Number of protein chains: 2
Amino acid sequence: MKLLSKSRDAEATRRKVIETAFGEIYRNGFQGASVNTIAEETGLTKGALFHYFASKQALGYAVVDEYIGPLLLQRWLDPLRDSDDPIRTIRKTCKRYVKEDIASGHFVFGCPLNNLAQEMSPLDKEFHKRLNTLYDTWRSAYAEAIRNGIKNRTVRDTVSPKSAAALIVAAQMGIWGTGKSSQDAERMQQAGDALCDYLDTLRASFKPTGAKR
Amino acid sequence: MKLLSKSRDAEATRRKVIETAFGEIYRNGFQGASVNTIAEETGLTKGALFHYFASKQALGYAVVDEYIGPLLLQRWLDPLRDSDDPIRTIRKTCKRYVKEDIASGHFVFGCPLNNLAQEMSPLDKEFHKRLNTLYDTWRSAYAEAIRNGIKNRTVRDTVSPKSAAALIVAAQMGIWGTGKSSQDAERMQQAGDALCDYLDTLRASFKPTGAKR
DNA sequence: CAACATACCTACCGGTAGGTATGTATGTCA
DNA sequence: TGACATACATACCTACCGGTAGGTATGTTG
């Protein structure tokens with residue numbers, strides 16, 4: 001028999017460390033996060049923490065692989081599967097998470113993925129490899145979705161899927177960046193709405209003479 | 001008589017510290033930058049450096065006020081003065097600095113202003129105040145330029161200046177963020193071109209049936 | 001129960017971070 | 001020429017960082 005005791009459950013402990021580390025890294029950056037604090041918050045000693053992760057870096061990589069990556073897929077990419085109106089889906093998803101992050105107050109810490117990418121990409125090859133792969137996945141998924149939109153006539157055929165995908169992802173970096181740098185919900189909201197306006201210009205039905213915000 | 005000697009010129013020394021600090025902070029982030037290294041690179045001892053700046057923070061604020069701020073104005077805002085075609089000017093300026101940063105290799109370190117804003121805004125009020133003011137200035141200048149463009153019929157009157165300005169600035173954060181996180185010139189170029197495409201959709205002459213990239 | 005593995009703790013390491021107290025060299029001005 | 005401020009150097013302090021050595025407690029398995 002196994003897993004009888006709640007404590008001394010290795011898998012759960014490991015997971016808890018990763019979740020705590022995610023929070024600390026999200027709030028303070030990777031370099032700014034302290035393994036002492038992470039251990040303390042987890043209710044573990046530093047020795048125990050290093051029983052699970054060979055180094056602070058290894059813990060960081062695990063946070064990317066086992067927390068941030070899956071979160072990206074679940075939040076942003078899953079909704080696109082089985083969507084026959086990609087513009088509508090992207091628009092809705094964006095609006096939703098802007099709203100959620102403002103409501104929770106998380107927006108002041110920006111986007112976990114972007115934070116790590118900005119901080120660590122030039123400093124650490126392993127981080128860069130992982131984070132870059134995630135962003136490539138994101139852009140590819142958007143491009144593919146837009147391509148489908150063109151096929152089914154919901155998107156203008158004068159739109160370049162790859163180019164539009166690059167801009168949408170960049171704009172999302174910028175929206176969360178705006179929230180973080182301004183620490184102001186209204187400015188973030190404005191940037192989010194502006195992206196939605198742009199998304200509407202991609203629709204097959206778009207007319208430049210239409211309503212303005 | 002003053003300023004006879006090249007060394008022991010306080011103003012020049014101070015400036016040199018700021019420039020060195022800018023480089024270190026640009027490459028390593030504020031928290032990652034070491035005052036030991038900055039002092040060493042300046043050819044100064046740590047004691048001497050702290051003769052000019054009361055703390056590492058104070059040095060950081062000086063870098064924003066006396067280096068990054070002026071750089072922003074000179075690079076991005078000055079070209080807009082006396083421009084009667086804001087779209088063309090923003091487009092040209094963006095293309096120019098994407099090209100320059102790729103050529104110099106600086107793009108792998110991202111945008112100095114954005115780096116600091118992302119890293120320090122949630123952690124330090126003084127940084128936040130300064131950096132947020134700079135971004136507000138930036139957005140306001142763009143909004144004003146677009147408003148002028150609408151007046152002189154170079155920009156569609158269905159465009160919301162404030163909204164478009166928010167998106168353009170956010171997209172620029174994202175373009176440099178893309179370069180930094182991908183460490184790849186081509187991906188950054190793609191994002192830059194995509195922003196240019198978007199800018200063209202703001203023109204009064206824009207037709208959705210036009211050429212695609 | 002014995003043998004062993006895994007989970008976790010205590011105490012400590014070397015290194016470096018930002019910061020400071022104090023001394024000295026240099027230029028200015030009365 | 002001598003008093004004084006400023007520019008800089010030397011030496012050192014404290015706090016904390018990531019990381020480890022060595023032990024103990026709690027299983028699991030035969």
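Just so we're on the same page: letters track the sequence lines, and every chain starts at 1. What's counted below: heavy atoms across the whole structure, side chains too, no hydrogens, waters or symmetry copies. This structure is a prediction, so every number in the text was calculated from the model and none was measured.
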Less than 6.0 Å separating the ring centroids of B:F53 and B:Y61?
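B:F53 vs B:Y61: aromatic centres not under 6.0 Å.
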Touch class at under 4.0 angstrom, heavy-atom based, for B:L44 against every strand present:
sugar-phosphate
Any chance the side chains of A:N115 and A:K180 put a donor and an acceptor closer than 3.5 Å?
yes
Whether [X] contacts [N] is assessed here as follows: a side-chain N or O lying under 4.0 Å from the phosphate OP1 or OP2. Is that the case?
| X | N | value |
| --- | --- | --- |
| A:H51 | C:dA7 | yes |
| A:Y52 | C:dC8 | yes |
| B:T13 | D:dA7 | no |

Generate the contact string for nucleotides 14-19 of chain C. Rules: B means base contact, S means sugar-phosphate contact only, - means no protein heavy atom under 4.0 Å.
---SBB
By a strict heavy-atom criterion of less than 4.0 Å, which residues belonging to residues 115-128 of chain A are in contact with DNA chain C?
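DNA chain C contact set from residues 115-128 of chain A: none.
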Between B:E100 and B:R96, does any NZ, NE, NH1 or NH2 come within less than 4.0 Å of an OD or OE carboxylate oxygen?
yes
Hey, is CZ on B:R88 packed in by over 12 heavy atoms from elsewhere, all under 6.0 Å?
no
Rounded to the nearest 0.5 Å, how far does CG of B:L49 lie from NZ of B:K16?
12.0 Å
ring-ring contact (aromatic ring centres under 6.0 Å, His included): which pairs involve residues 78-115 of chain A, sequence neighbours left out?
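Those involving residues 78-115 of chain A are A:Y26-A:F109, A:W76-A:Y97.
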